Amino acid sequence: MRPLVALVLLALVACGESQPTPSDPAALPKEIGGERPASVRYPRELVEGRRYPLVILLHGYGATGAAQDLYLGLSSLTTEYDFILVIPDGTLEDLTHGGTVEPAPGVTPKRFWNATNACCNFHGADVDDVAYLTGLIDEAIDELPIDADRVYLFGHSNGGYMSYRMACDATSRLAGIASLAGATYKDPSRCDPDGLVSVLQIHGSLDDTVPYEGSEFIPSARESVEFWAERAGCDVASPVAGETLDLEDNLPGAETEVLHFEGCDEPGYAFSLYTIVDGSHLPISTKSKNLSRRTLDWLLAQRRGGATP
């Protein structure tokens, strides 16, 4: 064997040994995140040498990762959609404010993400969830067979706010986010990303927790998407209507109106608003899982940096 060929083969073998990709999910960790562990769910089978999309599920205020997964059913879709799912938990509130006050009788602490100034660090905790979630992404890429160009966040309510916060502060790590009944910052100056991220906003028009039309402290569902579409130079004044979708099991027919912001100066990104007409803060899609399926359809089509497949 010629010396140059031998060196190349040795280098290839060394690279393969340094980044093994087991084909059996049982050989991979069930948790990552160290002292703040997050569950990991895999497709039933993995192809050796292949890199998979990563979806991180972010629960709402007062929920847990397990409860959010039970509600949306993402772990039951990992094989059908061929992705790896990470399910972290937010921090449990300290109602004593570091031991300085007595909590109110009957009030129990809830889990939260330190997302925007509107939601939901209500007790002033010193928690850096951007650093935590960025660390989870980096660890997943290092330890699991993850495609670094296909990393996504899917958050509900407080988790949706946190998805937007990550889009602002950890832009380069993400291909796209989906926010269900969440919102970005009311003050656009609080978000200064160093690039672009594809954004899907899903929102019930009758949401009385995070109002669809926004409030003094919360932008409207459309404004949350438009912030990103404007940065990409899209025609935000004339969005294109897509085919209506059936996302809510308890509403008749295809109740969800779809808008896509197109005509962008930056190609390869997507910005969409799914309005669940007469939908609430907690749309029900447990039986059909249509909400999760259509969200995964949208997310998994995106690539980091707007790259095409």
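Note that the structure is a prediction, hence the values are computed from the model and not measured.
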Does a donor on one side chain and an acceptor on the other come within less than 3.5 Å for Ser75 and Asp69?
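Present: a donor and an acceptor within the cut-off.
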Donor-acceptor check, side chain of [X] to backbone of [Y], threshold 3.5 angstrom: yes or no?
X: Asp129; Y: Asn114; value: yes
X: Arg150; Y: Leu300; value: yes
X: Asp149; Y: Arg303; value: no
X: Ser179; Y: Gly182; value: yes
X: Lys110; Y: Thr91; value: no
X: Thr184; Y: Tyr164; value: no

So do the side chains of [X] and [Y] get within less than 4.5 Å of each other, counting heavy atoms only?
X: Leu72; Y: Thr286; value: no
X: Met166; Y: Leu174; value: yes
X: Ser285; Y: Leu247; value: no
X: Glu139; Y: Asp142; value: no
X: Trp228; Y: Cys191; value: yes
X: Glu93; Y: Asn121; value: no
X: Pro145; Y: Ile84; value: yes
X: Leu245; Y: Tyr274; value: yes

Side chain to side chain donor-acceptor pair (under 3.5 Å) evaluation trace for Asp249 with Ser288:
CA-CA 7 Å; Asp249 290 351; Ser288 69; 2.6 Å; yes
Apply salt bridge (Lys or Arg N to Asp or Glu O under 4.0 Å) to Arg51 and Asp147, showing your working.
CA-CA 5 Å; Arg51 299 282 163 177; Asp147 182 347; over 6 Å; no
Testing Leu58, Leu180, Leu200 for side chain to side chain contact (heavy atoms under 4.5 Å, CB included) with Phe154, which one passes?
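Testing Phe154 for a side chain to side chain contact (heavy atoms under 4.5 Å, CB included) against Leu58, Leu180, Leu200 leaves exactly one candidate, Leu180.
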With respect to Leu85, which candidate in Val55, Ile56, Leu54, Leu77 satisfies the side chain to side chain contact (heavy atoms under 4.5 Å, CB included) definition?
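The single option meeting the side chain to side chain contact (heavy atoms under 4.5 Å, CB included) with Leu85 is Val55.
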Work out which heavy atom in Phe261 is nearest to a heavy atom in Asp235; give both atom names and the distance.
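Shortest heavy-atom separation between Phe261 and Asp235 comes out as CD2-O, 4.3 Å.
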Connected via hydrophobic side-chain network under 4.5 Å: [X] and [Y]:
X: Leu57; Y: Leu282; result: yes
X: Val197; Y: Phe227; result: yes
X: Leu70; Y: Leu74; result: no

Parallel under 30°, tilted from 30 to 60°, perpendicular over 60°: which one fits the rings of His203 and Tyr212?
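Aromatic pair His203/Tyr212 classed perpendicular.
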Geometric class of the Trp113/Tyr132 ring pair [parallel <30°, tilted 30-60°, perpendicular >60°]
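Ring orientation of Tyr132 relative to Trp113: parallel.
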Assert yes or no for the condition that the ring centre distance of Tyr71 to His59 is strictly below 6.0 Å.
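No, too far apart.
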Given the side-chain rings of Tyr61 and Phe122, with only the six-membered ring counted for Trp, is the space between their centroids under 6.0 Å?
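Yes, ring centres under 6.0 Å apart.
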Could you check Arg293 against Asp297 for salt bridge (Lys or Arg N to Asp or Glu O under 4.0 Å), going step by step and ending with a plain yes or no?
CA-CA 6 Å; Arg293 284 191 165 93; Asp297 286 338; over 6 Å; no
Between Gln302 and Tyr269, is a side-chain contact (heavy atoms from CB on, under 4.5 Å) present by the stated rule, with each step listed?
CA-CA 7 Å; Gln302 314 309 322; Tyr269 296 93; 6.0 Å; no
Are Arg50 and Tyr52 in a cation-pi contact, defined as NZ or CZ under 6.0 Å from the six-membered ring centre and within 45° of the axis?
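Yes, a cation-pi geometry holds between Arg50 and Tyr52.
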Between Asp138 and Arg173, does the salt bridge (Lys or Arg N to Asp or Glu O under 4.0 Å) criterion hold? Intermediate values first, please.
CA-CA 9 Å; Asp138 291 344; Arg173 299 297 208 288; 2.9 Å; yes
Does a sphere of radius 6.0 Å around CG in Asp126 hold more than 12 heavy atoms from other residues, nucleotides or ligands, not counting ones at 6.0 Å or beyond?
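Incorrect, the count does not exceed 12.
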